[in-house]
Amino acid sequence: GADSFGVGCVADPTSFVEGIVIQVVVRWWDGYKETFAATEVRFGCDLLWMRLQDGGNRHIPLQRVRWFSTTPESHEGMRGV
């Protein structure tokens, strides 16, 4: 999707809307897929940072992930329709 990023740099490194929970999906290089509930997401060329819904912080070096996304996959949007 438009908010799926590889390891390259991105122009707008901030995603924050007060009171909104952002679902962040990370696909690690070993194939494991992990989902985080975040209230704030920032990323650059080397690092993905998230303020998690429980108030904690998570820093993920981007060289350790295959991809990450802040938008649902196309088939996920069809649930319940």
Side-chain angles (χ1 to χ4, degrees):
D3 290 331
S4 296
F5 302 99
V7 179
C9 295
V10 276
D12 183 9
T14 304
S15 178
F16 177 73
V17 178
E18 189 70 36
I20 299 295
V21 176
I22 304 162
Q23 180 176 313
V24 181
V25 179
V26 174
R27 174 71 74 179
W28 300 91
W29 279 111
D30 65 0
Y32 182 70
K33 188 164 121 175
E34 192 169 1
T35 302
F36 300 92
T39 57
E40 189 172 355
V41 178
R42 296 179 187 216
F43 49 88
C45 295
D46 299 317
L47 187 69
L48 169 62
W49 173 84
M50 296 173 282
R51 181 174 313 279
L52 301 176
Q53 190 175 21
D54 66 7
N57 293 312
R58 182 71 190 258
H59 299 83
I60 298 176
L62 289 178
Q63 67 267 24
R64 295 187 182 172
V65 302
R66 184 175 302 170
W67 57 261
F68 72 95
S69 177
T70 58
T71 58
E73 295 183 33
S74 60
H75 62 88
E76 291 177 334
M78 299 304 289
R79 290 184 183 163
V81 175

Query raised in the report: So, R66 side chain and W29 main chain: donor-acceptor pair closer than 3.5 Å or not?
Result: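 Side chain of R66 to backbone of W29, a donor-acceptor pair under 3.5 Å: yes, one is there.
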Would you give the length of the straight line joining atom [atom1] of [X] to atom [atom2] of [Y], rounded to the nearest 0.5 angstrom?
{"X": "I60", "Y": "F36", "atom1": "CD1", "atom2": "CZ", "answer": "4.0 Å"}
{"X": "R42", "Y": "R51", "atom1": "CZ", "atom2": "CZ", "answer": "8.5 Å"}
{"X": "Q23", "Y": "S69", "atom1": "CD", "atom2": "OG", "answer": "9.0 Å"}
{"X": "T71", "Y": "I22", "atom1": "OG1", "atom2": "CD1", "answer": "11.5 Å"}
{"X": "E40", "Y": "W49", "atom1": "CD", "atom2": "CH2", "answer": "4.0 Å"}

Minimum heavy-atom distance [X]-[Y], with the two atoms named:
{"X": "L47", "Y": "P61", "value": "CD1-N, 3.9 Å"}
{"X": "V24", "Y": "A38", "value": "CG2-CB, 4.4 Å"}
{"X": "Q53", "Y": "T39", "value": "CA-CG2, 4.1 Å"}

Requested in this report: Return the set of residues passing salt bridge (charged side-chain N to carboxylate O under 4.0 Å, His left out) with R64 (not counting sequence neighbours), or none when no residue passes.
Outcome: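 If we apply the salt bridge (charged side-chain N to carboxylate O under 4.0 Å, His left out) test to R64, skipping adjacent residues, there are no hits.
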Report task. Quick one: do K33 and V25 satisfy side chain to side chain contact (heavy atoms under 4.5 Å, CB included)? Show the steps, please. Result -> CA-CA 7 Å; K33 188 164 121 175; V25 179; 3.6 Å; yes
Query raised in the report: Should the pair F43 and F68 be assigned to parallel (<30°), tilted (30 to 60°) or perpendicular (>60°) ring geometry?
Result: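 F43 and F68: perpendicular rings.
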Report task. State which residues pass side-chain hydrogen bond (donor to acceptor under 3.5 Å, both in side chains) with E34; sequence neighbours excluded, sorted by chain then number. Result ->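 Applying side-chain hydrogen bond (donor to acceptor under 3.5 Å, both in side chains) to E34 gives W28.
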